[in-house]
Amino acid sequence: MSDITKDLNQIQRKAVLHTEGPLLLLSGAGSGKTRVITHRIAYIMEQGTPDYNILAITFTNKAAKEMKTRLESILNGPNSVWISTFHSLCARILRVHIDKLGYGSNFTIYDSTDSQRLLRECIRELNISEKVHSAKSAANKISNLKDGLMSPADYERIATDIKDKTFAKIYDHYQKALFKNNALDFDDIILKTLELFANNPRVLEIYQNRFRYIMVDEYQDTNIAQYTLINMLANLHKNLCVVGDDDQSIYGWRGANIRNILDFEKDFPGTKVIKLEQNYRSTEYILEAANCVIRNNIVRKDKSLWTQKPKGEKVIYVTNLNDIDEGSFVAKTIKDNYTTYSDVAVLYRKNSLSRVMEDHLVRNNVPYKVFGGVRFYDRKEIKDILAYLTVLHNPKDGVAMRRIVNVPKRGIGSVTVDKIAAFAFQSEISFFDALKNSSQLGLKTKKIDDFVSLIEHLLEFKGSISQLITEIIKKTDYEQELGDDPIEHEGRLENIQELINKATEFEESYEDKEQTPTLAAFLEEVSLVADIDTYDKDKGYVSLMTVHSAKGLEFPVVFLVGFEEGIFPGQQSYTNETQLEEERRLCYVAITRAIKVLYLTTAATRLQNGRTIHNMPSRFLREIPEELIENRTVKPIMPVKKGISKFAEIKKFTDEKVPKIIGRNYKPLLPPPKDVTLDFDVGDTVVQGKYGQGTVKEIYPAGKDYEVTIDFNGKIKKFMANFSKIEKV
DNA sequence: GAAAAGACCTTTTTT
DNA sequence: AGGTCTTTTC
């Protein structure tokens, strides 16, 4: 066999050959990380370890798929190495063992919308006002608690005030409701696996024995739960290789703990550390720009990427008058200069920025695809059909059942549904059982009985998944649900057809593997895929996505739009240095996606939530040295949207506010960063311009400024000292 | 029970 | 601005 490491550089080779014991691989952007992992797996196999003893964990299905493909090409054939995401790995384990926790192996996986629906019901059942705890905020909070391994009981213990105590009740009730529905939310998939392992050491042993070599990709994005899982699994053989880049840690808000990678050496004594710092992706100017930005972060492992590539083109900075001009500029530039559309990506900080881009790409006939935003599986018609499938698979699932009980309309209205739900809750039976016994409630049962017979008929149905979907649509007359608008109707119908195609594809892929394509596996696959997983290069379109989604991808030409204060970095990060550093890492990720050409664009004015906002160029722009940047100013091309005069827009600037957006003469980029001195302290009584007198609760440093929390007789408000008049009484 | 009108929120990022 | 969820009206 040929030497597996022959195409690798010295350092990459070292990483591949070091197979025993803990290994921390710090791999900078574009340093050939996937290459190292796949070669390392191949090497371990060559050394005599069977493929089923190797586990590689990624964060996205996309990364897993890519890794599988590349491994196959190295090995010249298929293999049974476990390469999967955290979530599908755990789901797979739970399908086999979850009965030990009292759940049925036909459990459903709730996405965030489903969880929120269930939470809303819980909050109502507990008679708590949704003004105090909204389903949405509760969902967020619960997810954060779960990421940090905090159970309802744990939270109850640390909750001090009434609001937190109430919240503990909601959390507890929600967890019980999930159990009743035989359902797990995203976080539970990991948590329940941990619980399983903790309570059943022998089950854990099976997997510890099995996975003699473990590799974890994007280690900087792991949260405490995932960290614990890895620890448990790797504890026996300790052949754990984690790969990551602290500079690309951008999921702090989801509980990712950057400490996991920064302290790996402490957690695993005897760790070998290898740094991959040669970048094979970007030309020098671009890479240097990225280095200069990330250098401003304090919390990071020191390193600097280098490249042998030529200097290339400078980073192109383009100012526009407004978002419409920006969109027009991007679309026209693509149209005129980059005929291979798949080479081009338009990246943005948040999904809402995609719309203007889309408008102009359409006008210029540039094919494009938006990733993220509304997921395919989040569309109403798709969720409806999937809810039918879910119910057939797990009849205990009340969330799915309630979703479809009157879809399409069959005369079972909200009043009836509420009665049934209350009945189910009181009698501690499932929603479906309550439906079956609805005669006890004195309701007119004809329509309900019809629905129950319908479900029972479908439960009896024998055939493939795609046939089942067709049967559901036929028997429920679902088409009437698609609306009168012919265009919309057609579009939704296409989506359903697409779902049927996916089911067929799924079935075929299973038959290739000589396995039975079960409904369980189909639903699981569907609930664990993100849009980006369907990303396919060379498809002839421009890719539009958030910077988060773009991680792990690369494009010859990148447009980073909306490179402005308030957007990137986002407003919400101003008050907190940690968050600002995460924004900077995000910026670093964005820049390092580019191979040859990078555009940074800004709009002085843009429409947001129906209002016009004025933004300064991003502070990160100033962190890139001038000599790496080429300025381009674009004359306004597009007429401003209907009714609004372009000149009226401009007039809104007060003299002081007009950003000098020509070239780099835009001096006051940020609100003047004068040093702030506070003449008050925590506990002092102060007067604030708008709210009047209050007591200072907290003072929190935020860059050169301070975030001051003030209690106005029970009303808690936060202010930035620099912007708000606060005076001691 | 369904359609129409109104309130409300959103936009930070997602497995 | 635009969509979703809630309340009102028929």
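Side chains are part of it too, since the values below use all heavy atoms of this structure and drop only hydrogens, waters and symmetry mates. Throughout, protein chains are lettered first and strands after them, A, B, ... in sequence-line order, and every chain is numbered starting at 1. Owing to the predicted nature of the structure, the values given are computational and were not obtained by experimental measurement.
Checking A:Phe186 against A:Gly411, the closest nucleotide of DNA chain B that is more toward the 5' end is the one next to A:Gly411. Nearest-nucleotide positions on DNA chain B place A:Arg410 closer to the 5' end than the other of A:Asn609 and A:Arg410.
Counting only N and O atoms by type, the side chains of A:Thr108 and A:Asn394 include a donor and acceptor under 3.5 Å apart. Side-chain contact of A:Asp325 with A:Asn320: a donor-acceptor pair under 3.5 Å is absent, judged by distance alone.
A:Phe59 comes within 4.0 angstrom of sugar-phosphate atoms only, judged by non-hydrogen atoms across all strands, and of no base. Residue A:Gly413 is in sugar-phosphate contact alone, with no base atom involved, counting any heavy-atom pair closer than 4.0 Å across all strands shown.
A:Phe371 has its CZ atom 13 Å from the P atom of B:dT15, to the nearest Å. The distance from atom CD of A:Glu358 to atom P of C:dG2 is 13 Å, rounded to the nearest whole Å. Remark: P of B:dT13 and CD of A:Gln572 are 10 Å apart, rounded to the nearest angstrom. What separates CD of A:Glu525 from P of B:dT15 is a distance of 15 Å, to the nearest Å. The distance from atom CD of A:Glu481 to atom P of B:dA3 is 10 Å, rounded to the nearest whole Å. Between the P atom of B:dT14 and the CD1 atom of A:Ile189 lies a distance of 18 Å, rounded to the nearest Å. Rounded to whole Å, the distance from OH on A:Tyr588 to C1' on B:dT13 is 19 Å. When the C1' atom of B:dT11 is taken as reference, atom CG of A:Leu607 falls 13 Å away, rounded to whole Å.
For an aromatic pair to be called close, the ring centres must be under 6.0 Å apart, and A:Tyr207 with A:His97 satisfies this.
Checking B:dT15, C:dT6, B:dT12 against the side-chain heavy atoms of A:Lys350 singles out B:dT12 as nearest. With distances taken from any side-chain atom of A:Asn406 to the nucleotides B:dT11, B:dA2, B:dT12, the minimum falls on B:dA2. Side-chain proximity of A:Thr60 to B:dT12, B:dT11, B:dT15: nearest is B:dT15.
None of A:Asn615, A:Thr601, A:Thr602 except one satisfies the side chain to side chain donor-acceptor pair (under 3.5 Å) rule with A:Glu564; the exception is A:Asn615.
Relative ring orientation between A:Phe563 and A:Phe620 is described as tilted, the plane-to-plane angle lying within the 30° to 60° band.
Contact annotation: side chain of A:Trp253 to base of B:dT13, donor-acceptor pair present below 3.5 Å. Counting atom types as modelled, A:Arg254 pairs no side-chain N or O with a base atom of B:dT15 as donor and acceptor under 3.5 Å.
Between A:Ser549 and B:dT13, a side-chain N or O to OP1/OP2 separation shorter than 4.0 Å is absent. Dashed line: the shortest gap from a side-chain N or O of A:Asn351 to OP1 or OP2 of B:dT10 is not under 4.0 Å. Taking 4.0 angstrom as the limit, A:Lys136 places none of its side-chain polar atoms (N or O) nearer than this to OP1 or OP2 of C:dC5. The shortest distance between the side-chain N/O atoms of A:Thr416 and the OP1/OP2 oxygens of B:dG1 is below 4.0 Å.
Considering every non-hydrogen atom in both A:Arg300 and A:Asp246, the closest pair reads CA-OD2, 3.4 Å.
Where stacking is scored as ring centres under 5.5 Å apart with planes under 30°, A:Tyr251 does not register as stacked on the base of B:dT13.
Across all strands shown, B:dT14 forms no Watson-Crick or G-U wobble pair with both key distances under 3.5 Å.
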